[in-house]
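These figures come from a predicted structure and were not determined experimentally.
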Amino acid sequence: MNGAGKAERVVRAAGAGAAGVAEATGAERTAGPGGTARAGEPLLLGVRHHGPGSARAVRAALEAALPRVVLIEGPPEADALIPLAADEGMRPPVALLAHAVDEPGRSAFWPLAEFSPEWVALRWALDHGVPARFFDLPATHTLAWSGTAAGPGDGAAPRPAPGTGGEEPPPRAAVRVDPLAVLAGAAGHDDPERWWEDVVEHRGLGDGDPFAPFAALEEAMGSLREDHGGGGQDRDAVREAYMRLQVRAAQREFGGGVAVVCGAWHGPALRRKTTVAADRALLKGLPKVKADLTWVPWTYRRLARAGGYGAGVDSPGWYGHLFAAPDRPVERWLAKVAGLLRDEGRTVSPAHVIEAVRLADTLAALRGRPLPGLGETTDAVRAVMCDGSDVPLALVQDRLVVGDALGEVPPSAPAVPLQRDLARLQRRLRLKPEAPERELELDLRKETDAGRSRLLHRLRLLDVPWGEPAASRGSTGTFRETWRLRWEPELAVRVAEAGGWGTTVLGAAGAKAEADAVAARSLAEVTALAEHCLLAGLPDALPEVMRVLADRAALDTDVGHLAQALPALVRSLRYGDVRGTGTGALAEVAAGLAERVFVGLPPACAALDADAAEEMRHHLDAVHGAVGLLDGTPAPGRVGLRGRWQAVLGVLSARDGVPGVIRGRAARLLLDDGVLHREEAARLMGLALSPGTPPGDAAAWIEGFVGGGAGGMLLVHDERLLGLVDDWLTRVPTETFTDVLPLLRRTFSAYEPAVRRTLGELVRRGPGARGSVAGTGAGLPGFAPDPDPERADAVLPVVRLLLGPDRDGGPAGTEGDEPVEDEPVEVGT
């Protein structure tokens with residue numbers, strides 16, 4: 001019999017009790033405080049990390065053995081943090097976080113959930129007054145190992161993200177062995193999760209011997225290691241050497257009675273007889289770094305394999321339910337699913353739950369499973385509660401099977417000063433970290449909301465992206481912000497890294513902003529940083545950023561760079577009123593940039609190819625919007641700024657050698673500002689579309705003039721401009737029409753569907769029936785020459801509703817059909 005077959009037979013014997021184990025392995029066991037351990041040897045409790053069945057078995061074994069000390073797989077530097085596990089403020093899932101003091105980004109996590117065997121062992125030891133210790137390789141070596149070119153007996157490897165049990169990323173040259181997959185394959189199963197549930201999670205403790213499952217699992221892993229050696233996990237030899245030394249030390253100190261909770265894969269290696277000298281030789285010369293450790297909150301999503309955690313499970317929410325349910329876990333689970341679906345608006349009755357339970361039990365019986373597992377309950381939910389659809393089932397998978405649980409850590413846990421300041425601000429601003437993603441609407445006129453905004457912007461400056469800005473709903477003003485918040489465990493590492501900039505969020509954000517300004521490579525980066533400083537409320541950092549900005553602006557001669565930097569700079573001026581931030585220096589720099597753009601833009605627009613001309617057109621739009629904002633911001637030295645900009649546009653609209661897309665856009669911007677009359681716009685279009693103009697240039701002019709969403713309405717309401725475009729299109733030669741067609745399609749495809757339909761109807765009618773805008777109105781309601789009283793009266797009820805009741809309680813504006821003039825009424829949307 002090969003090793004995998006023997007291993008599978010041994011594990012199956014765990015369900016039959018101790019007698020079955022002895023028959024399968026031929027091993028004689030000694031009962032008593034040592035459990036299944038041979039006389040004088042430690043009690044080895046090999047587990048599957050984050051397995052509820054293993055967690056229950058560990059608790060039962062510890063209650064039966066009553067050891068004098070419990071050794072748990074984890075970094076020994078965290079021994080001082082063990083008492084915090086009993087704190088009332090500690091709520092799993094949590095993780096031990098280790099990071100290098102001099103390089104906080106080099107970090108490692110050891111996550112624990114309430115159903116993790118290690119957490120159960122930790123809490124049992126604390127509740128019973130039994131010493132508990134971590135006995136894995138110290139984090140000082142683990143972190144240093146991740147940054148070296150090669151570790152002992154190992155090739156170079158990326159930074160580890162270890163948890164409790166050999167989940168470091170594999171060496172490049174090694175092939176990793178998944179013990180569960182090998183055992184499941186030997187038993188004829190293609191799903192290791194399902195096989196494990198059948199053999200371990202649903203089997204209980206056999207005939208009542210709490211040590212039988214561990215004996216069987218240790219024997220199975222021993223058989224696997226005979227066939228696969230280290231299983232491609234070469235670093236485990238070093239870890240296991242250290243573990244053996246720690247077990248020996250505990251046995252000498254406590255005189256026996258040592259319980260060891262570790263990954264089942266390590267059990268045979270810890271049982272193997274080696275010399276102390278050989279184990280110490282493996283540890284000789286390991287690299288070291290200074291490490292700090294603490295507890296941090298963790299989430300179910302990061303506990304899942306899909307979150308990138310190597311020793312994770314596929315369904316932490318399901319496993320948490322199995323561990324916490326006192327009885328009837330399937331019925332309780334399906335009731336929970338029904339509640340979620342009802343909250344989401346689906347009709348799910350108690351009868352659905354009863355039928356789903358029956359179906360899950362039937363499927364388990366047909367598939368030969370001892371109890372319904374996640375597969376059976378999922379199939380039952382799909383068929384009975386979701387009408388066969390996977391859409392609501394995806395919600396169940398996301399919310400319940402994986403889950404959004406976020407742990408908590410007591411304030412007394414060690415933390416860098418920056419983390420403590422952040423926690424203080426979170427409490428003061430009532431901004432609690434949460435695992436589910438949520439939107440937060442802020443009104444910056446309120447003090448608390450303004451403080452929240454500043455905190456989130458400061459954290460973004462520190463590369464701690466707790467919140468991401470989102471589009472505000474219902475308002476485009478500067479007083480409202482929308483954020484999309486989601487707290488991830490990795491942000492604790494980002495906070496530790498940012499601690500090098502300062503001990504408070506305000507001080508660290510300011511110091512980093514100044515350093516980023518000096519290191520910025522482009523003028524646009526500095527202007528964006530100035531905007532961030534205003535948003536984050538960093539008045540002390542802004543002068544240094546402005547100094548760098550002024551120096552860069554004075555030296556940069558590229559008009560494109562200046563045009564790209566100006567809009568962000570001008571947008572920043574809008575934040576002064578709402579946020580109470582002084583923007584005088586910013587306004588002066590912005591005015592200087594605008595003047596340099598005015599002077600350099602006309603020569604910069606000459607002799608451009610198509611791509612460069614299109615890019616310059618976007619700069620033109622951005623500068624136009626910026627000048628509109630800048631001209632409305634009172635500051636010395638900017639009188640008549642809009643007028644000078646309009647003069648520049650006039651030059652661009654008529655200058656030969658300027659690409660058609662830029663000339664057309666300049667004419668359009670002048671028309672929108674009311675500087676260019678429609679007759680003059682028609683004349684310029686006529687010149688651009690004259691027979692002597694190459695079709696490609698003419699199409700580019702049209703793209704510049706009527707491109708964008710509002711260009712369609714301009715053609716709808718101006719017969720002369722539409723006629724010019726129509727006449728030009730009919731004269732384009734057939735051989736060149738295919739060349740200009742892509743540009744024209746791009747131009748007109750940006751219009752709303754209704755606008756395109758209207759333009760098509762107007763062109764179909766032709767010039768003779770077109771009228772001023774829509775001919776007689778036949779076929780196009782609302783475009784008749786005279787007003788339509790019936791259509792106009794239809795809006796009156798809505799207008800009255802918007803205006804509200806008058807002083808007498810009647811609808812506003814209804815008294816004698818005359819408007820109420822006692823008080824001004826402002827109507828807005």
Side-chain angles (χ1 to χ4, degrees), residues 617 621 660-661 663-674 676-691 693-799 829:
R617 188 198 72 161
D621 289 339
V661 67
R663 287 187 285 113
R665 178 56 70 178
R668 169 65 185 283
L669 294 176
L670 290 173
L671 180 65
D672 290 345
D673 281 355
L676 188 68
H677 297 294
R678 291 185 179 271
E679 292 76 11
E680 180 63 15
R683 187 186 71 83
L684 290 176
M685 179 178 282
L687 293 174
L689 304 183
S690 63
T693 304
D697 292 345
W701 196 96
I702 294 176
E703 162 71 10
F705 188 79
V706 297
M713 295 304 298
L714 182 66
L715 294 178
V716 166
H717 292 283
D718 195 306
E719 177 194 4
R720 294 183 60 190
L721 296 181
L722 179 58
L724 288 170
V725 175
D726 189 20
D727 293 341
W728 172 78
L729 274 173
T730 59
R731 293 196 307 266
V732 173
T734 304
E735 60 272 12
T736 58
F737 183 77
T738 55
D739 295 332
V740 301
L741 182 60
L743 186 60
L744 294 175
R745 287 180 62 89
R746 185 178 67 184
T747 300
F748 290 98
S749 65
Y751 299 161
E752 294 289 336
V755 173
R756 294 201 299 269
R757 286 195 300 269
T758 303
L759 289 174
E761 179 65 22
L762 293 175
V763 172
R764 184 189 64 81
R765 293 179 180 182
R770 196 176 288 151
S772 62
V773 174
T776 62
L780 280 178
F783 287 99
D786 300 322
D788 185 343
E790 183 178 351
R791 291 172 60 84
D793 291 343
V795 303
L796 290 179
V798 178
V799 173
T829 57

Nearest heavy-atom approach of Thr758 to Val716 is CG2-CG1, 4.0 Å

Pair Glu703, Arg665 - check salt bridge (Lys or Arg N to Asp or Glu O under 4.0 Å), show working. CA-CA 8 Å; Glu703 162 71 10; Arg665 178 56 70 178; over 6 Å; no

Worked check of side chain to side chain contact (heavy atoms under 4.5 Å, CB included) between Leu684 and Leu676: CA-CA 10 Å; Leu684 290 176; Leu676 188 68; 4.1 Å; yes

Mind checking the CD-NE2 spacing from Glu680 to His677? Nearest 0.5 Å is all I need. 9.0 Å

Working note: Leu671 + Phe705, criterion side chain to side chain contact (heavy atoms under 4.5 Å, CB included); need CA distance, chi angles, decisive distance, verdict. CA-CA 10 Å; Leu671 180 65; Phe705 188 79; 3.7 Å; yes

Nearest-0.5 Å distance that lies between atom CD1 in Ile702 and atom CZ in Arg668: 13.5 Å

Shortest non-hydrogen contact from Asp793 toward Pro797: O-CD, 3.7 Å

Could you please spell out the steps behind the side chain to side chain contact (heavy atoms under 4.5 Å, CB included) verdict for Glu752 and Val755? CA-CA 5 Å; Glu752 294 289 336; Val755 173; 4.1 Å; yes

Quick one: CZ on Arg617 to CG on Leu669, what's the gap to the nearest 0.5 Å? 10.0 Å

Search all heavy atoms of Trp701 against all heavy atoms of Ala667 and return the closest pair with its distance. CZ2-CB, 4.2 Å

